[in-house]
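All of these numbers come straight from a predicted model, not from anything done at the bench. Convention: sequence-line order gives letters A, B, ...; per-chain numbering from 1.
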Protein chains: 2
Amino acid sequence: MSTPGRGLHGRVLDALGPAITAGEYPPGSVLRTDELSQHFEVSRSVMREAVRVLESMHLVESRRRVGVTVRPRAEWNVYDPQVIRWRLAGADRPHQLRSLTVLRSAVEPVAAGLAARHATAAQCAELTECALGMVAHSRGHELEEYLVHDVAFHRVILTASGNEMFARLGDVVAEVLAGRTHHEVMFEDPDPAAVTLHVQVAEAVREGDAPRAEQLTRAITTGALQELDVLAP
Amino acid sequence: MSTPGRGLHGRVLDALGPAITAGEYPPGSVLRTDELSQHFEVSRSVMREAVRVLESMHLVESRRRVGVTVRPRAEWNVYDPQVIRWRLAGADRPHQLRSLTVLRSAVEPVAAGLAARHATAAQCAELTECALGMVAHSRGHELEEYLVHDVAFHRVILTASGNEMFARLGDVVAEVLAGRTHHEVMFEDPDPAAVTLHVQVAEAVREGDAPRAEQLTRAITTGALQELDVLAP
DNA sequence: GTGACATATAAGTCTGACTTTTTCGCCGGT
DNA sequence: ACCGGCGAAAAAGTCAGACTTATATGTCAC
């Protein structure tokens with residue numbers, strides 16, 4: 001999914017990033033680059049590159065004569081897809097999943113409304129195709145196939161909104177949906193009501209009915225929130 | 001405001017980042033690290049650190065035997081505060097401002113609703129204080145003082161929502177509001193109706209009236225959108 | 001035309017020496 | 001006891017050069 005092993009510094013990041021976001025090095029901790037480079041058995045130059053990336057994510061701050069200090073969580077760039085992935089893989093996965101779902105509940109309805117106004121014919125076609133795909137795999141425990149179409153559906157909505165900020169949340173939504181399917185309790189088939197709502201959203205967008213698209217999508221996201229409340233109270 | 005000149009690689013970024021986001025190096029362009037390091041008169045190690053940061057922002061991709069290629073805009077990490085600042089400083093500032101305002105219109109109402117449920121007494125106090133400050137400077141062309149309280153107001157709302165993703169948008173909102181005051185046409189005093197709405201939002205949050213806080217905030221953001229439509233059609 | 005192989009290219013890595021900034025502790029003065 | 005300056009140490013920052021590795025591309029035989 002991501003880009004594993006794109007060089008030595010990447011492998012260092014894949015080890016250090018999750019460790020920091022998991023709180024293994026709590027905020028305020030001080031690291032030293034040459035200790036780290038010894039620990040990971042890489043040269044200082046490679047280590048420095050990794051630290052620079054962590055610094056650009058506001059996970060750490062590097063200062064002379066003091067070292068590399070871990071920043072408080074409130075300052076982290078929590079929208080960085082890499083950071084999101086690290087946190088979803090770590091201990092506070094439930095908390096992170098809730099934050100992201102709340103974000104979805106704010107963004108997706110508005111995005112759907114905009115999509116109803118701006119979607120091209122091709123995007124409308126793709127949307128209905130996705131909705132049909134969801135219907136086709138909504139029974140019989142075909143969760144993986146269902147997930148693929150679900151993700152595609154929301155991606156099209158976000159893209160068709162015409163807003164680049166919304167479009168970039170496609171990856172985030174994909175992570176949330178995948179996380180829900182793979183790690184939460186989800187033995188049963190998806191909620192039939194949710195499936196119907198998706199089909200109706202596709203309809204509304206196709207007909208250019210922005211308020212209806214928005215309201216239906218709001219129903220979807222509040223459903224997702226309630227589901228989360230039930231599973232992780 | 002930001003962190004200027006935190007090392008040589010930082011200065012390189014401050015030159016290269018805006019150049020890329022401004023389209024000076026269009027997507028697909030290929031740069032070579034040693035050419036760049038000569039151009040900026042820094043060592044290759046410094047240049048490599050800068051490239052790593054740009055890579056973590058998904059602005060460029062570094063591949064062996066090819067060089068550093070600029071990625072298409074659709075792949076940029078547009079939520080990175082640094083990227084936002086670069087783009088706001090560049091040519092497509094109006095476009096960026098619109099994207100961010102649409103994002104605000106999606107997020108802030110939901111955040112206000114959550115704030116009404118979760119805000120502490122101290123946060124409520126701060127909120128009303130901000131609202132009063134806005135009222136106090138709403139006439140007589142005291143735009144700067146007004147801006148300070150406006151930014152603080154929205155920051156408190158986003159923080160009080162209790163959602164870390166929302167809270168982190170405080171900087172973005174601050175940039176948008178500052179941009180509107182400083183660079184757009186804004187000779188007149190702020191809209192009295194908007195001022196009143198802010199006071200009412202503070203009330204609603206204090207009283208724990210989530211639906212009202214949400215709806216009032218929605219009125220604020222749609223007003224901001226309409227204002228943008230008038231100024232930059 | 002197709003496939004295997006050689007080659008050139010640019011990024012990637014490592015090492016060691018040097019510089020710069022900043023903290024902390026020491027010391028003397030008040 | 002307090003404060004201000006002074007010096008030393010510590011850690012990041014910078015640089016230069018040599019070497020390694022992956023890979024795109026072109027060449028040649030078939």
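Side-chain N/O atoms of A:R65 and base N/O atoms of C:dT23 include a donor-acceptor pair closer than 3.5 Å.
Taking atom NE2 of A:H9 as the reference point, atom C1' of C:dG12 lies 11 Å away to the nearest angstrom. Here D:dT14 presents its P atom at 7 Å from CD of B:E49, a figure rounded to the nearest Å. Atom CE of A:M47 is separated from atom C1' of C:dG12 by 17 Å (rounded to the nearest Å). Rounded to whole angstrom, the span from the CD atom of A:E61 across to the C1' atom of D:dA11 amounts to 15 Å. D:dT20 atom C1' lies 12 Å from atom CG of A:L8, rounded to whole Å. Atom CZ of B:R11 and atom P of D:dT14 are 8 Å apart (whole Å). The distance between atom CZ of B:R44 and atom C1' of C:dT13, rounded to the nearest whole Å, is 10 Å. One interatomic measurement links the two molecules: CG of B:D34 to P of D:dG17, which rounds to 14 Å at whole-angstrom precision.
Residue-level contact check: A:V51 touches neither bases nor backbone, having no heavy atom under 4.0 Å from any strand. Base engagement by A:S45 is indicated by at least one non-hydrogen atom pair under 4.0 Å involving a base atom.
In this model, the phosphate group of D:dA11 is not approached by any side-chain N or O of A:T33 to a distance below 4.0 Å at OP1 or OP2. For the OP1/OP2 pair of D:dA12 and a distance below 4.0 Å, the side-chain nitrogens and oxygens of B:R6 include no atom meeting the criterion.
Between A:Y79 and B:Y79, the ring-plane angle classifies as parallel under the 30° and 60° cut-offs. B:H149 and B:H137 have parallel rings, their planes meeting at less than 30° on a 0 to 90° scale where 60° marks the start of perpendicular.
A salt bridge between B:D34 and B:R44 is absent, with no side-chain N of the basic residue lying under 4.0 Å from a carboxylate O of the acidic one.
Annotation: of the two residues near DNA chain C, A:R63 and B:R32, the 5′-most nearest-nucleotide partner is B:R32.
Within the 4.5 Å cutoff, side-chain heavy atoms of A:L103 are placed close to those of B:F166.
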Checklist entry - Could you go step by step and tell me if A:R63 and A:T69 meet the side chain to side chain contact (heavy atoms under 4.5 Å, CB included) rule? => result CA-CA 8 Å; A:R63 279 170 55 200; A:T69 58; 5.7 Å; no
